[in-house]
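Bear in mind that the values here come from a model prediction, so they are computed numbers and not experimental data. Each chain gets a letter, A, B and so on, in the order the sequences are listed, and its residues count up from 1. For the numbers below, each heavy atom of this structure counts, side chains included, while hydrogens, waters and symmetry mates do not.
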Number of protein chains: 2
Amino acid sequence: MALRVVKEAEQEVPVIGDRNLRGFVGYSLKRAYHLIQADAMRVLDPLGLRISTYSALAVICDNPDLRQSQLAEILSIERSNTVVIIDALEQPGLIARHRVPNDRRSYALRATPQGRRLHKEATRVLEAHENRLLTALSAEERQLMIDLLRRIDGSAFSEQGAADHPEGGHRHERPD
Amino acid sequence: MALRVVKEAEQEVPVIGDRNLRGFVGYSLKRAYHLIQADAMRVLDPLGLRISTYSALAVICDNPDLRQSQLAEILSIERSNTVVIIDALEQPGLIARHRVPNDRRSYALRATPQGRRLHKEATRVLEAHENRLLTALSAEERQLMIDLLRRIDGSAFSEQGAADHPEGGHRHERPD
DNA sequence: TATTGTTATACTCTATAACTATA
DNA sequence: TATAGTTATAGAGTATAACAATA
């Protein structure tokens, strides 16, 4: 009994927690993204897809004859990282790399019928997943969220003063 | 000239892009998070911090004598992953592991004066970073965004019907 | 038995540099 | 020379299982 009193005394439950971190959009973004991403991975796994391969498959289905570098630009990933993703989609026959007559450097990516079928099924699965995870938000709030996120994303290409500093693209200005 | 015409004809600029993916909150979340995270890493680097170590330092500063397992719970990370983070903070003397008299298994984490100083500076740097990246959003919209994200996060612990199933915490119910 | 911290390991996503073959 | 695809490699974050010390 005395032991229990001591235990409670030393436990000293923190009342602050991460309250101050919550003031950062980035921190709240990270937590929400992690939850959704983990569940998305879980529901895609039985279909043999990961988030990256589903995203690529979706873009390829919607943009026939896309080239890999265009895919990279659309998804904002590095060209080099598209290779393994494309490989993972081509191997099970979900997409195919077709040669382009006029430019033998590039491939025209096209989804196969199986790829389109799997894309449809995965999309249904993901919609159910979001409906399950986002019950706390109304349809309007979900759209509002997407719009706000889109504005963060879009502002990356026109930051404050970008027009005044035409040199632009100064990413790594290590001060050392 | 003829070559240029052919080139334009084959280029076939995609007009869809990721439009369908944009309908997923998870996708927009991922893109926005990635932008913010990359810039946060960049501005924290000169201070010798990463996002994970800054977050841990912030929580430790705000919750003196925190134990590592409590830190893990607050940040929603695995206990095992706190070890390397704590090490990275203890090594340069930003925090200290103090022994707890009543429980020799656990440590009481406390920030040093240097740790508190660096935390303050890093917080200023991160606030500037968010102000720079989130110019597209008003202060009210930023708070709205945080609130919406918090509701996604919070709903993880009280999904639909959770009140009816007091066992709670059923995270990985693999259907296989 | 249960819990705290720990180690080891693996997986996902991302970033960079350098190479090849074409243009 | 510039571009498309590729390879190799590294880093950050996360997840799981198993262990020793302690409760």
Next item on the list: To the nearest Å, give me how far apart CD1 (B:Ile77) and P (C:dT12) are.
Entry: 21 Å
Checklist line | Distance in angstrom units between B:Leu44 CG and D:dG11 P, rounded | finding: 18 Å
Next item on the list: Look at A:Lys30 and D:dA12 and indicate whether a side-chain polar atom (N or O) is within less than 4.0 Å of OP1 or OP2.
Entry: no
Item checked: Gap between atoms CG and C1', on A:Leu75 and C:dC13 respectively (whole Å) -> 13 Å
Next item on the list: Classify the side chain of A:Arg50 and the base of C:dT12 as holding, or not holding, a donor-acceptor pair under 3.5 Å.
Entry: no
Checklist line | Between B:Arg19 and A:Asn63, a side-chain donor and acceptor under 3.5 Å | finding: no
Notebook entry, point to check: If you pin B:Asn81 and A:Met41 to their nearest nucleotides in DNA chain C, which one's is more 5'?
Noted result: B:Asn81
Margin query: Strictly below 4.0 Å: does A:Gln68 bring a side-chain N or O up to OP1 or OP2 of D:dT6?
Written below: yes
Checklist line | Length of the line joining A:Asp103:CG and D:dG5:P, which is rounded to integer Å | finding: 8 Å
Checklist line | Value in whole Å for how far the P atom of C:dT3 lies from CD of B:Gln70 | finding: 14 Å
Notebook entry, point to check: How close or far is atom P of C:dG5 from atom CD1 of B:Ile86, stated in whole angstroms?
Noted result: 9 Å
Next item on the list: Using atom CG of A:Asp87 as one end and atom C1' of D:dT7 as the other, report the distance to the nearest whole Å.
Entry: 11 Å
Notebook entry, point to check: Do the charged groups of A:Asp45 and A:Arg50 touch, with an N to O distance under 4.0 Å?
Noted result: no
Check: Can you check the B:Arg79 CZ to D:dA18 C1' distance for me, whole Å?
Finding: 12 Å
Notebook entry, point to check: Mapping A:Arg97 and A:His34 to their closest nucleotides on DNA chain D, which lands nearer the 5' end?
Noted result: A:Arg97
Item checked: N/O donor-acceptor pair, side chain A:Ser80 with base C:dT16, under 3.5 angstrom -> yes
Check: Should B:Arg104 be listed as having a side-chain N or O under 4.0 Å from OP1 or OP2 of C:dT4?
Finding: no
Check: Judged by modelled atom types alone, do B:Tyr27 and B:Arg31 share a side-chain donor-acceptor pair under 3.5 Å?
Finding: yes
Note to self: Regarding A:Asp147 and B:Arg22, does a basic nitrogen lie under 4.0 Å from an acidic carboxylate oxygen?
What the structure shows: no
Notebook entry, point to check: Between A:Pro101 and A:Thr53, which is nearer to the 5' end of DNA chain C once each is assigned its nearest nucleotide?
Noted result: A:Thr53
Checklist line | Presence of B:Arg105 side-chain N/O under 4.0 Å of C:dT3 phosphate oxygens OP1/OP2 | finding: no
Check: When you measure from the side chain of A:Glu141 to the backbone N and O of A:Ser138, does any donor-acceptor pair fall under 3.5 Å?
Finding: yes
